[in-house]
Amino acid sequence: MSVLPPPVPSRLVEMLSGYPEHVERLREVLSGVLEYPPSVTPRAERAVLALEGRLEAFSSEARRELEAATASGDASAVVQAEAKDKVMSRLLWREAWAYDDDLWSYFEMRADAPE
């Protein structure tokens, strides 16, 4: 029997609507939480930490893209990179997504499941 992967918080999916590849990268990191070896840290907390790490990576990548676009002098690329940087920076506001009911329910249902 296969286990359904943890859901990406709906607010993150909404915020990343223009970046479906980023949503997929979040799905991957959440699925990895189920594969981690046993830990004293609850899975839900590990999921939030994993998401935070991936979101920080998104923000860093967007910042580098903005720097490269600025250096290129391509006005169109700068506008796109600025928009992406703005979105990725907002993702770092944990309060916007960390208390997603579906994510917490998913891990509550699996609290007693073996690692």
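The existence of a salt bridge linking E14 and R11 is confirmed by a sub-4.0 Å separation between a basic side-chain nitrogen and an acidic carboxylate oxygen. Ion pairing between a basic and an acidic side chain is recognised when a charged N comes within 4.0 Å of a carboxylate O; R54 and E61 show no such pairing.
No donor-acceptor distance shorter than 3.5 angstrom exists from the side chain of Y106 to the backbone of A44, with no hydrogens or angles considered. In terms of modelled atom types and a separation under 3.5 Å, the side chain of R43 and the main chain of V33 share no donor-acceptor contact. S105 contributes no side-chain N or O that, together with a main-chain N or O of D102, makes up a donor-acceptor pair within less than 3.5 Å. No donor-acceptor pair under 3.5 Å is formed between the side chain of W97 and the backbone N or O of S10. Under a 3.5 Å cut-off, the side chain of R94 and the backbone N or O of E52 do not form any donor-acceptor pair.
Interatomic distance, CZ of F58 versus CG of L51, reported as 9.0 Å (0.5 Å rounding). Taken to the nearest 0.5 Å, the CG atom of L66 stands 12.0 Å off from the CD atom of Q80. To the nearest 0.5 Å, atom CG of residue L12 and atom CG of residue L103 are 9.0 Å apart.
Checked by atom type, the side-chain pair S31/R27 shows no donor-acceptor distance below 3.5 Å.
Criterion: ILVMFWY side-chain heavy atoms under 4.5 Å apart, direct or through other members. Under it, Y19 and V78 are not part of a common hydrophobic cluster. V87 and W93 are assigned to two separate hydrophobic clusters, defined by single-linkage of ILVMFWY side chains at heavy-atom distances under 4.5 Å. Under the 4.5 Å side-chain heavy-atom criterion for Ile, Leu, Val, Met, Phe, Trp and Tyr, L91 and L49 are members of distinct hydrophobic clusters.
The shortest distance between side-chain heavy atoms of F107 and P42 does not fall below 4.5 Å. Residues L30 and P5 fail the side-chain proximity criterion, which asks for heavy atoms closer than 4.5 Å.
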side-chain contact (heavy atoms from CB on, under 4.5 Å) assessment of L16 paired with M88: CA-CA 8 Å; L16 289 168; M88 299 306 159; 3.7 Å; yes
side-chain contact (heavy atoms from CB on, under 4.5 Å) assessment of L26 paired with L55: CA-CA 8 Å; L26 293 178; L55 296 173; 4.0 Å; yes
Chi angles and distances behind the side-chain contact (heavy atoms from CB on, under 4.5 Å) call for Y99, V48: CA-CA 9 Å; Y99 304 105; V48 169; over 6 Å; no
Check against side-chain contact (heavy atoms from CB on, under 4.5 Å), H22 and R25: CA-CA 5 Å; H22 285 70; R25 289 172 63 189; 4.1 Å; yes
Derivation and outcome, side-chain hydrogen bond (donor to acceptor under 3.5 Å, both in side chains), residues R64 and S60: CA-CA 6 Å; R64 286 192 301 271; S60 294; 4.7 Å; no
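What you find for D74 and S76 is that their closest heavy atoms are OD1-N, 3.0 Å. Residues W104 and A98 approach most closely at NE1-O, 2.6 Å, considering heavy atoms. Here the closest heavy-atom approach between residue D85 and residue A62 is recorded as CA-CB, 3.8 Å.
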